[in-house]
Every structure is written in C-alpha cells, then in structure tokens.
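Here the structure comes first, spelled out in structure tokens, and everything after it is commentary.
By convention in this document, chain letters (A, B, ...) are assigned in the order of the sequence lines, proteins followed by strands, and residues within each chain are numbered from 1.
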Amino acid sequence: MLIRRNPLVMLICIELMLNAVNLTLVAFSRQLNNREGQLFALMTMTVAAAEAVVGLAILVDIFRVRDLEDVDDLSELKG
Amino acid sequence: MIAAAQVTYTAAQAWSDLAQIGPIVAVTVALLVAVVVDLLLPRGLRGPVVTVIAIVGLVSALAIAAYRLVNGYGGPAYFRFVSGDAFALFFEMLFALIGVLAVIVSSSYVRRRGLYEAELQVLTLAAIVGMMSLAAAGSLVTVFLGLELLSIALYVSCGYNRIELPSQESAAKYLIIGGFASAFVLYGMALIYGATGTTVLSDIATRVTSDSAGNPLLLLGVLLMGVGFAFKVSAAPFHMWTPDVYQGAPLPVTAFMSVATKAAAFAMILRVFNYGLGHLGPEWQVLLAFTAAASMVVGNLMAIVQASLKRMLAYSGVAHAGYILVGVLAGGRAGVAAVLFYLFGYVFMNFGAFAVVSTLSGPAGDGDLYEDLNGLAYRNPTLGVLMSVFMLSLAGFPPMVGFFGKVFLFTAGISAGWTWLVVLAVLTSVVSVYYYFRVLFHVWSPLPEAPVRFAFGPVRGPVTVVLLAGVFAVALGPLSGFLLQVGLNGAAPLLSGR
C-alpha cells in the first residue's frame with residue numbers, strides 16, 4: 001500500500017490487510033479450538049464491507065469533480 | 001471439531017444486559033428514529049426535527065448514565081463483551097455532553113453554509129454510539145466494532161461538504177489513513193487473541209502475566225496495536241493526517257472529532273493497555289513514552305508556524321495527546337484519574353475554541369485565519385472574553401481547568417518515576433504559551449478598518465454552546481476536587497484485581 005499512489009488501489013490494499021487479519025483469526029481459532037476467532041472474523045468482514053462502501057462513495061465524489069490518478073494530486077491542504 | 005458450549009440466556013439476563021448499555025441504547029434509538037423521521041417529514045421540517053430528536057436522545061443518555069453512576073449499578077454484560085462500569089459511564093456522560101454541544105453548533109453552521117442538516121446530526125449520533133461502545137468495551141471484538149463505527153461515521157462527516165475540494169480531500173485522507181490504522185489495530189488484536197486464546201479483556205488481564213513478556217506473538221500484537229492507537233489519538237510520529245483532515249472538514253465536525261475521538265481513543269488505550277495488558281507495562285510503556293515525547297515536541301513546535309487556526313488547534317491537539325499520554329504511562333489510580341480529569345476539561349476548552357471559530361463562517365467559507373479574529377473582543381465581547389478563557393485554559397493558566405488538569409497529570413507522572421517526561425512536558429507547554437497568546441493578541445487588537453471577511457450571521461446556538469463550554473472551563477477549576485473524585489471513581493474498575 002505504501003508504494004501505490006492510486007487511491008482506488010490503496011483502498012483495495014486496505015481490504016487485503018483486513019483479509020490477512022481474517023485468515024489469521026480463523027487459523028488461530030482452529031488451532032486454539034476456540035470460537036471467538038471465527039466470531040471476530042465475521043465482524044471484521046462486515047466492517048470491511050462497510051468501509052469499502054464508504055471509501056468508494058468518497059472516491060466517486062472526488063472523481064466527479066476532478067480526475068484523480070495519484071494521491072499526490074490531493075494537495076489542496078498543506079501547511 | 002469445536003465443541004459447542006451450553007449457553008443459557010434468560011429474559012431477565014437480557015433485560016439486565018440491556019440496562020447495562022442503557023446510554024448506548026438511548027442514542028441508538030434516537031439515531032434510528034431520526035433516520036425514519038428524516039424520510040417521512042417534508043423537506044423544510046427535517047433538519048430542525050432531527051436536531052431536536054438528537055438532543056433528546058443525547059440528554060436521555062446523559063440522564064441514564066448519571067442515574068446508574070450515582071446508584072452504582074455498573075457491571076459486566078453480554079458475557080463480559082461489554083461492561084457498564086463506572087469507567088464506561090464516565091465516558092458515556094462525557095460523549096453525551098459533547099454530542100449535545102456538537103449538534104447545536106452543527107445545526108447553526110450547516111444553515112449558514114447552506115448544507116443539509118439532518119444527515120450530519122445522524123452521522124454525529126452514529127459516531128457517538130461508536131465512542132460509547134468503545135468506552136464500554138469488555139472485549140477486543142467490541143473495541144474494534146466501536147472504533148470502526150466511530151471512524152466510518154467520521155469519514156463521511158469529514159466529506160460532508162461534498163462539492164468543496166478541501167472537504168473531499170479531508171475525507172479521502174482520513175479514510176485511507178484511518179483504514180490503514182484500523183488494519184494495524186486489528187492485526188495486533190488477532191495476534192493477541194492467538195497468544196492468549198481469548199478476546200475478553202478481563203481474561204486477557206489474568207492470562208497475560210509479566211512472564212509473558214518473552215512471547216513474540218504478544219509483543220508484536222502490542223506493537224501493532226500501539227501504532228494503530230497512536231494514529232487514532234493523533235500522537236506523533238503518526239499525526240501527519242491530523243492538520244489536513246482538521247482543516248478540510250466542516251468546522252463543527254472538526255470541533256467534534258478533535259475532542260470526542262481523542263477521548264474515545266484514550267478510553268480504548270486505558271481499557272486495552274492499562275487494564276487488559278497491565279502486566280506487560282514495561283513493554284508498551286517504552287513505545288508510549290517515545291510517542292508522548294515526540295508528540296509534545298512536534299505538536300508544540302509545529303503549532304507555532306501555522307497560519308490557520310484549525311491547523312494550529314490540530315497541532316495543539318497533538319501536543320495535548322502527548323501530555324495525556326504521561327498520565328497513561330503513570331497508570332495506577334492517580335494516573336488514570338488524571339487522564340479522565342484532563343479529558344473532561346480538554347473537551348470543553350478545545351470544543352469551545354472551535355465553536356468560537358465556527359461562528360466566523362459564512363456562505364463564502366470558514367474564517368479560520370488569525371486575521372479573521374481581529375477585534376473579536378469588540379465585535380462580540382462575549383465570544384472575545386470566552387475565547388481568551390479557552391486559550392488561557394489550553395495554555396494551562398490558573399484558575400482554569402487546564403491548569404489543574406496538567407498539575408494532576410504531571411504529579412502522577414512524577415510519582416510514577418517519569419521525571420524526564422514531565423520535565424519535557426513542562427518545557428514544551430511553556431512554548432505553547434506563545435501560540436495561544438498570539439490568538440489573544442488578535443482577539444484584543446483594535447477593530448480592523450477594512451470590512452471583516454466574515455460578519456456574524458444568526459449565531460445564537462453556537463454562542464450558547466460557547467457560553468456553556470466557557471462556564472465549564474472556568475468552573476471546573478475550583479470544582480476540580482469533585483471532578484477528580486469522579487475520575488477516581490471511574491478509574492476504579494480498571495484497577496480492581498490488581
């Protein structure tokens with residue numbers, strides 16, 4: 001994510017990070033024979049979906065006003 | 001095969017669990033009612049009615065929390081995934097209070113800027129539900145859900161002024177960096193779950209002993225969570241997003257998130273680090289001590305060179321996060337109580353300052369330059385005097401609440417052996433006097449000859465809020481003994497069993 005500059009790709013990278021967490025949680029849940037991890041993974045999936053929706057909505061809103069291919073174009077605010 | 005545990009859940013248990021989260025339920029109900037009402041009413045009525053519903057919901061949450069706190073009803077609920085203890089009730093009252101102030105300021109602001117009113121209030125309510133869940137969290141799952149609920153609501157609020165580039169940019173930056181930080185926190189939680197086999201904080205507290213310090217899973221988990229938490233409280237060196245997001249977001253949103261998110265994130269740090277991982281103190285304290293020192297230095301130095309009031313207050317927020325971390329590091333009864341006290345006072349002085357700036361905004365934009373404050377004391381004496389009160393309080397002058405807050409934090413820090421950090425904190429807060437007094441200089445300067453950029457519109461609501469916040473900021477100084485007692489009461493649940 002740190003080397004990507006396209007905001008859409010960055011959003012996808014965040015989803016990837018969350019999926020990595022899900023895998024970790026489910027693997028631990030199996031290893032520890034404990035269901036809390038699976039519960040946690042379900043919650044994470046829901047939250048990831050919500051975050052993706054909001055993220056896409058915000059980006060669409062920006063794309064409507066201007067063409068944005070690079071996060072460095074977001075430089076209205078600097079000081 | 002995972003064995004199914006036998007779980008019985010009676011109606012009586014359900015009612016008592018629901019009562020434990022009473023304040024959260026009140027705000028959630030107000031939120032749902034507001035969404036439906038917003039759909040049903042004709043366009044002109046929506047905004048005012050939703051605002052009234054929001055205020056009613058928040059005030060009832062405040063009343064429920066106060067009632068339960070006075071009667072000592074708090075306890076764990078929902079299989080210890082949530083806790084309605086005195087700590088949670090303290091923060092629930094705080095968030096309900098901030099919520100009322102924020103809703104009043106937003107209502108007037110959106111009208112002056114020609115934005116929709118109802119949706120912003122609904123988003124504020126959603127963020128407050130998230131913050132309250134965070135403060136009441138008894139498990140890592142609840143911590144995560146509360147954190148995301150508040151963050152996602154705030155991403156949308158930041159981009160609320162949809163057609164303006166700064167607002168959009170603020171939302172996009174907050175979203176990407178906030179999502180990144182959340183993923184860090186979440187991975188840390190997953191590792192801690194892997195190391196301890198539970199997500200319930202009270203179980204983690206008993207399973208993690210000082211012998212666990214050699215467990216790499218646990219240490220990596222603490223590190224990742226610490227980084228994520230530092231992002232959320234906007235502590236240096238993870239503060240880069242703060243000034244940009246604060247500057248671009250609509251002013252009431254900035255005011256709300258600068259105080260409420262900070263309080264919620266500190267509630268989370270206290271719950272997870274001081275309570276859940278208390279025995280790993282030496283490990284996470286190294287991390288937080290570095291963050292605290294960096295925040296105080298970077299925040300105070302960068303605040304000096306800002307031209308925008310919003311950015312100055314953002315950096316001052318970074319510095320204050322550093323001061324509050326001293327209390328977190330000190331820990332124990334005195335440290336936690338000092339953090340609660342400081343957060344309570346900080347909320348009013350910082351929100352008040354932002355509320356004063358919000359009165360300067362008109363259809364053309366926000367007046368957030370120092371020059372826009374010129375002659376404020378003569379244009380509107382109430383706002384001028386109160387802005388001075390807030391600045392003196394933020395700088396830590398007696399008899400304002402900010403002074404007592406710093407005294408409690410720093411004495412707790414010294415008695416816990418963090419002398420070098422306290423020395424640094426005192427030195428840097430001397431620096432902060434400069435930029436707070438620069439505001440006073442502009443407020444009390446003679447009226448400018450050129451017409452002011454922003455004339456006052458109908459600002460009765462914000463003025464009331466500013467007055468309220470001002471009364472709190474001044475009165476809490478002499479009443480500090482009482483508030484500290486409330487803080488000590490709130491700190492108790494985190495320390496039981498130690």
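- With a 4.5 Å cut-off on non-hydrogen atoms, B/Leu149 does not touch chain A at all.
- The part of B/Leu145 that comes within reach of chain A is its side chain, from C-beta onward, which places non-hydrogen atoms under 4.5 angstrom from that chain.
- For the set B/Ser139, B/Gly179, B/Gly178, B/Gly194, the count of heavy-atom pairs under 4.5 angstrom toward chain A peaks at B/Gly194.
- Within a 6.0 Å sphere centred on OH of B/Tyr116, heavy atoms belonging to other residues, nucleotides or ligands number 12 at most.
- Within the 4.5 angstrom heavy-atom criterion, atoms from both the backbone and the side chain of B/Val200 approach chain A.
- Top candidate by heavy-atom pairs under 4.5 Å with chain B, chosen from A/Ala48, A/Ala57, A/Gly55, is A/Gly55.
- To the nearest 0.5 Å, atoms OG (B/Ser182) and CD1 (A/Ile14) are separated by 8.0 Å.
- Shown here for B/Gly197 and A/Leu32, the closest heavy-atom pair between the two residues is CA-CD1, 3.6 Å.
- If you take SG on A/Cys13 and CZ on B/Phe180, they are separated by 9.5 Å, rounding to the nearest 0.5 Å.
- To the nearest 0.5 Å, the span separating CD1 on A/Ile58 from CD on B/Glu169 amounts to 12.5 Å.
- Under the 4.5 Å side-chain criterion, counting only non-hydrogen atoms from C-beta, A/Arg64 is in contact with B/Arg162.
- Using a 4.5 Å heavy-atom threshold, the side chains of B/Tyr193 and A/Glu36 count as touching.
- Both the backbone and the side chain of B/Thr198 have a heavy atom closer than 4.5 Å to some heavy atom of chain A.
- Contact of A/Ala20 with chain B is made through backbone and side chain together, with heavy-atom distances under 4.5 Å.
- With a threshold of 4.5 angstrom between heavy atoms, B/Phe81 approaches chain A through side-chain atoms but not through N, CA, C or O.
- Put simply, the side chain of A/Leu11 reaches to within 4.5 Å of the side chain of B/Leu175, judged on heavy atoms.
- Separation of atoms OG1 (A/Thr44) and CG (B/Leu186) is listed at 4.5 Å; rounding is to 0.5 Å.
- Within the 4.5 Å cutoff, the side chain of A/Phe28 has heavy atoms near those of the B/Leu217 side chain.
- A donor-acceptor pair under 3.5 Å links the side-chain atoms of B/Gln168 to the main chain of A/Asp61, judged by distance alone.
- By number of non-hydrogen pairs under 4.5 angstrom with chain A, the leading residue of B/Ala171, B/Cys158, B/Gly159 is B/Ala171.
- For B/Leu147, no part sits under 4.5 Å from any heavy atom of chain A, backbone or side chain.
- Within the model, atoms OG1 of B/Thr199 and CG of A/Leu39 stand 7.0 Å from one another, a figure rounded to the nearest 0.5 Å.
- Pairing each heavy atom of B/Ala183 with each of A/Met17, the nearest pair is CB-CE, 3.6 Å.
- With a 4.5 Å cut-off on non-hydrogen atoms, B/Tyr155 touches chain A through its backbone and its side chain both.
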